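The structure appears below as structure tokens.
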Protein chains: 2
Amino acid sequence: MSGRKIDPEKRIRQVVQAARKLFVERGYYSVSIPQIVKASGVSTGAIYNYFTNKESLALYIHEQALEEFKSLYSQALLGKQTTHDKLKTFAELVFDITENDSEMMEYMLSMQHGEFLQSSPPLCSTEPFRMVQQIIIRGMELGEVRQGNYFLSAVSYTGVILRAAELRLQGVLASPLSESSEELITNAWAAIS
Amino acid sequence: MSGRKIDPEKRIRQVVQAARKLFVERGYYSVSIPQIVKASGVSTGAIYNYFTNKESLALYIHEQALEEFKSLYSQALLGKQTTHDKLKTFAELVFDITENDSEMMEYMLSMQHGEFLQSSPPLCSTEPFRMVQQIIIRGMELGEVRQGNYFLSAVSYTGVILRAAELRLQGVLASPLSESSEELITNAWAAIS
DNA sequence: GTCTATAGCCCGATAGAC
DNA sequence: GTCTATCGGGCTATAGAC
């Protein structure tokens, strides 16, 4: 339909990809617009045409990453019945993203501890965490999860999984998470069952 | 001994305290030297006399925090015999610092995921983690900890504890960790025993 | 040793041609 | 819509008086 000279959506994706990579690597404040211009191949003027300023670009990236995770998790949950399997699905998704889209996982983890974007809605990052909470509440009702404070159980399960992902991204864990997946999931489940 | 006009050590402490607080609150890159000057009451010239540049100041804070944690943990470990008690001591120290010196704990957690200080020795933050690893290795030998990959067991135990501290600092966990301490320690221990 | 003042640089954001 | 050139501002680090 539109003239095929240049595709705005494609260029927005270029900017977002380049910016997210740079933000993850060096941190929000140490990344300059000129660097994003160079890395994305999109000019300053165009960037400021798409986004009102640097912060709004970061906010866009933030929301997009969150939405993508939610969508992937919802998809992966289809057909899973037991509490154990639903939580295992969470763990495996986290491990899969960590190995195959590490940039995205690093971004998810950076978002969690609020280093940048102080003006963004506080703790967006907890939305996946909320999903896990709901699963655990239901699991307690069903007697599949040990009785207790559901919040603390969610903290415990996700703590095991997310810390493994974190250490893997930092290079402390040398081998792929797929090799450790089974044992980590066993540990996380043992913490709450 | 020295003339008591001004005490350099005291002023260094002022700078370090003010800078650490600002770094934690706003992030390394968004804190300027003039802001540290204002917050600490120490002039630019004096700061650059004590530290060669902004990065070396951050490095000093980094090392000092690590040393303090190690020292506190070693102290608290005295007299603890079982693996369970040694790990519980770790957890309680983390919870105690989180509640009573939250700035310090926030700093410890920021250090962990390498947001700033890219030129610092990679993952200094893992030294407390190494101590936990050693305890777990010994615990497996003694049969107090379930057999398995000691590294993954350390990840699992500390994951539960540190994620709880993180969420508490973010305000997601509303009540003091002392109230949840027992249940969290139970969960963390269940993950590996 | 410590201060103030400022040099020199690079940033985010914009103006104006196309 | 998109570009390049540039402005005003704030930064790190230093120079030079005391």
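Chain A is the first sequence line, chain B the second, and so forth, proteins listed ahead of strands; every chain is numbered from 1. Please read these numbers as outputs of a predicted model, since none were measured by experiment. The basis for the numbers below is simple: all heavy atoms, side chains too, and nothing from hydrogens, waters or symmetry mates.
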Rounded to the nearest Å, what distance is computed from the OH atom of residue B:Tyr50 to the C1' atom of nucleotide D:dT12? 19 Å

Mind calculating the distance between CD1 (B:Ile36) and C1' (D:dC11) to the nearest angstrom? 12 Å

Atom pair distance, as rounded to whole Å: CD1 in B:Ile12 and P in C:dT2: 9 Å

Taking salt bridge (charged side-chain N to carboxylate O under 4.0 Å, His left out) as the definition, give me every residue that meets it alongside A:Glu179, ordered by chain and number, with sequence neighbours left out. none

Using a heavy-atom cut-off of under 4.0 Å over every strand shown, decide if A:Phe51 touches base, sugar-phosphate, or nothing. nothing

Measuring to OP1 and OP2 of C:dC11, would you say a side-chain N or O of A:Ser32 lies under 4.0 angstrom away? yes

With respect to the phosphate group of D:dT2, does any side-chain polar atom (N or O) of A:Arg11 fall under 4.0 Å of OP1 or OP2? yes

Run B:Val132 and B:Tyr150 through side-chain contact (heavy atoms from CB on, under 4.5 Å) and show every step you take. CA-CA 10 Å; B:Val132 168; B:Tyr150 67 87; over 6 Å; no

Write down the protein N/O and nucleotide N/O pairs, taken from nucleotides 13-16 of chain D, whose separation is under 3.5 Å; answer none if there are no such pairs.
| unit_1 | atom_1 | unit_2 | atom_2 | d |
| --- | --- | --- | --- | --- |
| D:dA13 | OP2 | B:Tyr48 | OH | 2.8 |
| D:dA13 | OP2 | B:Lys54 | N | 3.2 |

Minimum-distance nucleotide to A:Ser43 side chain [options: D:dT12, D:dC3, C:dG12]: D:dC3

Using OP1 and OP2 only, check whether a side-chain N or O of B:Asn49 sits under 4.0 Å from C:dG1. no

Over how many whole Å does the gap from B:Tyr29 atom OH to C:dC10 atom P extend? 16 Å

Mind checking A:Val31 for me? I need base, sugar-phosphate or nothing, with any heavy atom below 4.0 Å counting as a touch. sugar-phosphate

Once salt bridge (charged side-chain N to carboxylate O under 4.0 Å, His left out) is applied, do any residues pair with B:Lys38, and if so which ones, sequence neighbours excluded? none

Quick one: which residue pairs count as a side chain to side chain donor-acceptor pair (under 3.5 Å) with a foot in residues 73-85 of chain B, not counting sequence neighbours? B:Thr83-B:Glu144

Salt bridge (charged side-chain N to carboxylate O under 4.0 Å, His left out) partners for B:Glu141, two or more places apart: B:Arg138

Sub-6.0 Å ring centroid separation between A:Phe90 and A:Phe129: no

In this structure, how many angstroms lie between the C1' atom of C:dT4 and the CD1 atom of B:Ile47, rounded? 14 Å

Can you list every salt bridge (Lys or Arg N to Asp or Glu O under 4.0 Å) pair that touches residues 182-193 of chain B, not counting sequence neighbours? none

